[in-house]
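Single-structure report; data block below.
Note that ligands are numbered from 1 as they come in the structure, with each ligand's atoms numbered from 1 the same way.
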Amino acid sequence: MKYRTMGTDPKTRREVSVLSLGTMHFGTATDEATSFAILDRYAAAGGTFIDTADNYAYWTGTQGGESEELLGRWRRSRGVGDEILIATKLGARPLAPGTTFIDNPEGLSARVIRESAQRSRDRLGMPRLDLLYAHVDDPAVPMAETVEAFAELVAEGTVGLLGVSNHWAWQVERARNLAAAAGVPGYEVLQYQYSYLRPRTDLPGERSPDGMQGMLGGDLLSYLRAEPQLTAVAYSPLLRGGYVRQDKLDAAEFAEFDHPGTPARLAALREVAKDADATVNQVVLAWLIGADVPVIPLIGASSVAQLNESLTAVDLELSADQRARLGAAG
Ligand SMILES: NC(=O)c1ccc[n+]([C@@H]2O[C@H](COP(=O)([O-])OP(=O)(O)OC[C@H]3O[C@@H](n4cnc5c(N)ncnc54)[C@H](OP(=O)(O)O)[C@@H]3O)[C@@H](O)[C@H]2O)c1
């Protein structure tokens, strides 16, 4: 495994593995025994960066919490302590079973931040959340209220690092400015959907007519380049299996990849994979980890075999020529 540091403050910064493990389906679609086996394998391979959220898996008809609860049981049964960072998120938990984060989200008020963080600590069995993200933006709450509420949790020691997901670039910058002006910690970890295939950015999103806030595009990439002390985490880096299953890539949820650049990029990926004696999934992960704006891929896995394939990518170094070929395509 390889490691890198997230955060700047010596009191909260953490070294984590360059590959993060998502647990969105753990405890629901992925049963407990399989989830524990994947977690055990990840930890044995030196993985130290696990991701969850307070709303996983609300789509099963609940308000979520199943993933955090499973992680709490795994931590207790394995005696896991501070050596493994578990990141969680709040703000997108539906306020009632059967509703979603689009029509009925808990949002980012000071009260929600305090109460939901407490619930996550209880479910995970952790007195301190190592990394807490704002899961989606909340235009109904003044940003200063959100920034202050997160900072209070850091000040009282119940949260370490702060992160942000699925916000427009201007919102991230504004929130960080508000925090800096108030002399309190701001968001230092940015979690967005990002992979090798280029998404169209002109399609309306589920939560905005202006586009998809969850996509890491040029605005955020240039921001990360200008602020190298920030950490980028990429969710769905393997497009949920779409690189090896055309039917998944063709599904309506990936409409942003339905454009003429995609076949060229897929062809380059296959060519470099052959050249590097690796799988296409491994090339995608290596491409992200070793990029000039380095990214931590946040992978999902529904079996130990899938995780093993991703773990191998950590040691795959793409040559300058391979990177150039990948970069030029599409
Ligand atoms: N911040 C956010 O809004 C947000 C949104 C989405 C996800 N996330 C986080 O990101 C994590 C990962 O998201 P994701 O599941 O979309 O990531 P992903 O790594 O792109 O997709 C994981 C899925 O891809 C397939 N897969 C993985 N390895 C494979 C392999 N070697 N060969 C073939 N198929 C493979 C599996 O599908 P099958 O099970 O069908 O085989 C697996 O469930 C989540 O668990 C969550 O923690 C965050």
List the closest protein heavy-atom neighbour of [atom]: residue, atom name, distance to the nearest 0.1 Å.
{"atom": "atom 21 (O) of ligand 1", "value": "R240 CA, 3.0 Å"}
{"atom": "atom 6 (C) of ligand 1", "value": "Y235 CD1, 3.4 Å"}
{"atom": "atom 46 (C) of ligand 1", "value": "Y56 OH, 3.5 Å"}
{"atom": "atom 3 (O) of ligand 1", "value": "N166 ND2, 2.8 Å"}
{"atom": "atom 40 (O) of ligand 1", "value": "K248 NZ, 2.7 Å"}
{"atom": "atom 33 (C) of ligand 1", "value": "V244 CG2, 3.5 Å"}
{"atom": "atom 44 (C) of ligand 1", "value": "M24 CB, 3.6 Å"}
{"atom": "atom 15 (O) of ligand 1", "value": "G300 CA, 3.8 Å"}

Determine, for E256 against R200, whether the closest basic-nitrogen to carboxylate-oxygen distance falls under 4.0 angstrom.
no

So, R119 and E68, do they make that salt bridge, N to O below 4.0 Å?
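So R119 does not pair with E68 through a salt bridge.
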
NZ or CZ of R198 within 45° of F257 ring axis and under 6.0 Å:
no

Report the part of [X] (side chain from C-beta onward, or backbone N, CA, C, O) that has a heavy atom under 4.0 Å from ligand 1; answer both or neither where that applies.
{"X": "N281", "result": "side chain"}
{"X": "T23", "result": "backbone"}
{"X": "K89", "result": "side chain"}
{"X": "Q191", "result": "side chain"}
{"X": "S236", "result": "both"}

Find all atoms of ligand 1 within a distance of less than 4.0 Å from any non-hydrogen atom belonging to [X], and give their numbers and elements.
{"X": "G22", "value": "11 (C), 44 (C), 45 (O), 47 (O)"}
{"X": "D51", "value": "9 (C), 46 (C), 47 (O)"}
{"X": "S302", "value": "38 (P), 39 (O), 41 (O)"}
{"X": "G241", "value": "24 (O), 25 (C), 34 (N)"}

So, does [X] use its side chain to make a donor-acceptor pair with the main chain of [Y] at under 3.5 Å?
{"X": "R75", "Y": "V80", "result": "yes"}
{"X": "Q63", "Y": "P97", "result": "no"}
{"X": "D130", "Y": "I86", "result": "yes"}

Please walk me through it: do K89 and Y56 pass side chain to side chain donor-acceptor pair (under 3.5 Å)?
CA-CA 10 Å; K89 319 180 192 80; Y56 297 163; 3.0 Å; yes

Report yes or no: does a heavy atom of G214 sit under 4.0 Å from some atom of ligand 1?
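The answer is no: ligand 1 sits nowhere under 4.0 Å from a heavy atom of G214.
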
May I ask whether H135 places a heavy atom under 4.0 Å from ligand 1?
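Distance cut 4.0 Å: H135 passes for ligand 1.
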
To the nearest 0.5 Å, tell me how far [X] [atom1] sits from [Y] [atom2].
{"X": "M24", "Y": "D51", "atom1": "CE", "atom2": "CG", "value": "9.5 Å"}
{"X": "S165", "Y": "Q213", "atom1": "OG", "atom2": "CD", "value": "10.5 Å"}
{"X": "E115", "Y": "L90", "atom1": "CD", "atom2": "CG", "value": "11.0 Å"}

Got more than 12 heavy atoms from elsewhere within 6.0 Å of CG, D9?
yes

Which option out of L298, L285, T312 puts a heavy atom nearest to atom 12 (C) of ligand 1?
L298

Candidate with minimal heavy-atom separation from atom 36 (C) of ligand 1, of H25, Q282, Q306
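Closest candidate by heavy-atom distance is Q306.
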
We want to know whether S109 and E145 form a side-chain donor-acceptor pair, criterion being a heavy-atom distance below 3.5 angstrom.
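No, because no side-chain N or O of S109 sits under 3.5 Å from a partner of the opposite role on E145.
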
Indicate whether any N or O donor in one side chain lies under 3.5 Å from an N or O acceptor in the other, for Q322 and D275.
yes

If you measure every N/O of L239 against every N/O of ligand 1, is any gap under 3.5 Å?
yes

